Undergrad: 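Sharing a structure, written as structure tokens. Questions coming.
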Number of protein chains: 2
Amino acid sequence: MSPQVIPQALDRLIRDLTKLPGIGKKTASRLALNILRSPVAEARELATALNELHSSIQLCSCCFTFSESDPCTICGDHRRDASLVCVVEQPGDLLAIEKAGNYHGHYHILHGVLSPMDGIGPQEIKVRELEARVNSGTIKEIFIATSSTVPGEATASYLIDRLQDKAILLTRLACGIPMGMDIKYADKHTLARAIETRCKTT
Amino acid sequence: MSPQVIPQALDRLIRDLTKLPGIGKKTASRLALNILRSPVAEARELATALNELHSSIQLCSCCFTFSESDPCTICGDHRRDASLVCVVEQPGDLLAIEKAGNYHGHYHILHGVLSPMDGIGPQEIKVRELEARVNSGTIKEIFIATSSTVPGEATASYLIDRLQDKAILLTRLACGIPMGMDIKYADKHTLARAIETRCKTT
């Protein structure tokens, strides 16, 4: 196919869309052609949402989730238990746990997992910040909810090692999540059960 | 989950993304969180591509494909055979046929298929415009390449009925495409074979 058959603006959108995770060239073409067929207002609206995304969202300086305010709505909510902190890998994991509906503590987002092969050590994720929160003395329980993947388990083990001498209770998400499954994809009932039966680390 | 847990700007992007075909709420959340984690420049680039999409692309006044110029690069290419016109449902079908690499005629995009249940009759798709092109006298062959779905077949039958009294050859894509499959998803070798062995309508 001669390259100029696809209009440049369309080709550019297709290329930009394929940078998204899980979007291949065929899906990107299908999405782009659909956007082109839809009213221009819809494309403009999506563009505006993309443009405003980073400018209106920052990291909460306490738990490091994505938020429009600092502290975020969870850290700033006095009805939630500030002595209980749930440690997750990514903001998407926080949303999954909130959806389960039975957790009323605070959070700490690591923004990654330990992965020495990729050069990600404790310095690259928010471990030092977690330790500082523990040292501040208000936390009674750290509830580790990393995914049950190999790097998630390794990160949990590292956190347990690092925090076990502190005067806090260390707990983990209970069995219930199938091994190797990312917690974002667990159904909310399984996740709720796993939160309910979370157990102390041995 | 209290609604304010998801920042408004993120929630807005997720809602806008779910308007795209095949993107559900979980996929939209995954894409939006990934965009938020990626450098701001990537989101801006995608937003710009979306904003410029409709403004720089119009319909070719001859074949009605999406194009940055009028006539489009195919209609304006004197090396292509203007006496042979391939009729397809959507611009994406044109791209699929161009990819097969063995078609050197012009196109006519219907922008839809007949679907009485959805209120789409011959007036809603570019049938009148196709007839006008045939009546202009330069066309020797109309090659119908609608998908082999029920509405695609119905549209083909309608076109054959309407054009069979004209002094032109009417052909269709040959067998080779599995029944019920949208031609955009056929592999290019199957599609090339179907173009090669296209047959006259009976």
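Chain letters run A, B, ... following the sequence lines, proteins first, then strands; residues in each count from 1. Note that the coordinates shown come from a computational prediction; the quantities given were computed from them, not determined experimentally.
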Undergrad: Taking the side chain from Glu52(B) and the backbone from Ala9(A), do they hold a donor-acceptor pair closer than 3.5 Å?
TA: no
Undergrad: State, yes or no, whether a side-chain contact exists between Thr48(B) and Asp16(A) at a heavy-atom distance under 4.5 Å.
TA: no
Undergrad: Do any N or O atoms from the side chain of Arg12(B) and from the backbone of Leu53(A) form a donor-acceptor pair under 3.5 angstrom?
TA: no
Undergrad: Report yes if the side chains of Leu31(A) and Pro21(B) come closer than 4.5 Å at any heavy-atom pair, otherwise no.
TA: yes
Undergrad: At a heavy-atom separation under 4.5 Å, does Leu46(B) approach chain A through its side chain, its backbone, both, or neither?
TA: both
Undergrad: Does any non-hydrogen side-chain atom of Phe66(A) lie less than 4.5 Å from one of Leu33(B)?
TA: yes
Undergrad: Where does Leu17(B) contact chain A at under 4.5 Å (heavy atoms): side chain, backbone, both or neither?
TA: both
Undergrad: Side chain, backbone, both or neither: which part of Ile35(B) has a heavy atom under 4.5 Å from chain A?
TA: both
Undergrad: Which distance, rounded to the nearest 0.5 Å, do you find between the CG of Leu10(A) and the CG of Leu95(B)?
TA: 7.0 Å
Undergrad: With a 4.5 angstrom heavy-atom cut-off, could you sort out which part of Ser69(B) is near chain A: side chain, backbone, both or neither?
TA: neither
Undergrad: Non-hydrogen atoms of chain A under 4.5 Å away: do they reach the side chain of Ser29(B), the backbone, both or neither?
TA: neither
Undergrad: In terms of heavy-atom proximity below 4.5 Å to chain A, should Asn34(B) be classed as side chain, backbone, both, or neither?
TA: side chain
Undergrad: Within the 4.5 Å heavy-atom criterion, are Asn51(B) and Arg44(A) side-chain neighbours or not?
TA: yes
Undergrad: Look only at the side chain of His54(A) and the backbone of Ala41(B), and say whether a donor-acceptor pair between them is shorter than 3.5 Å.
TA: no
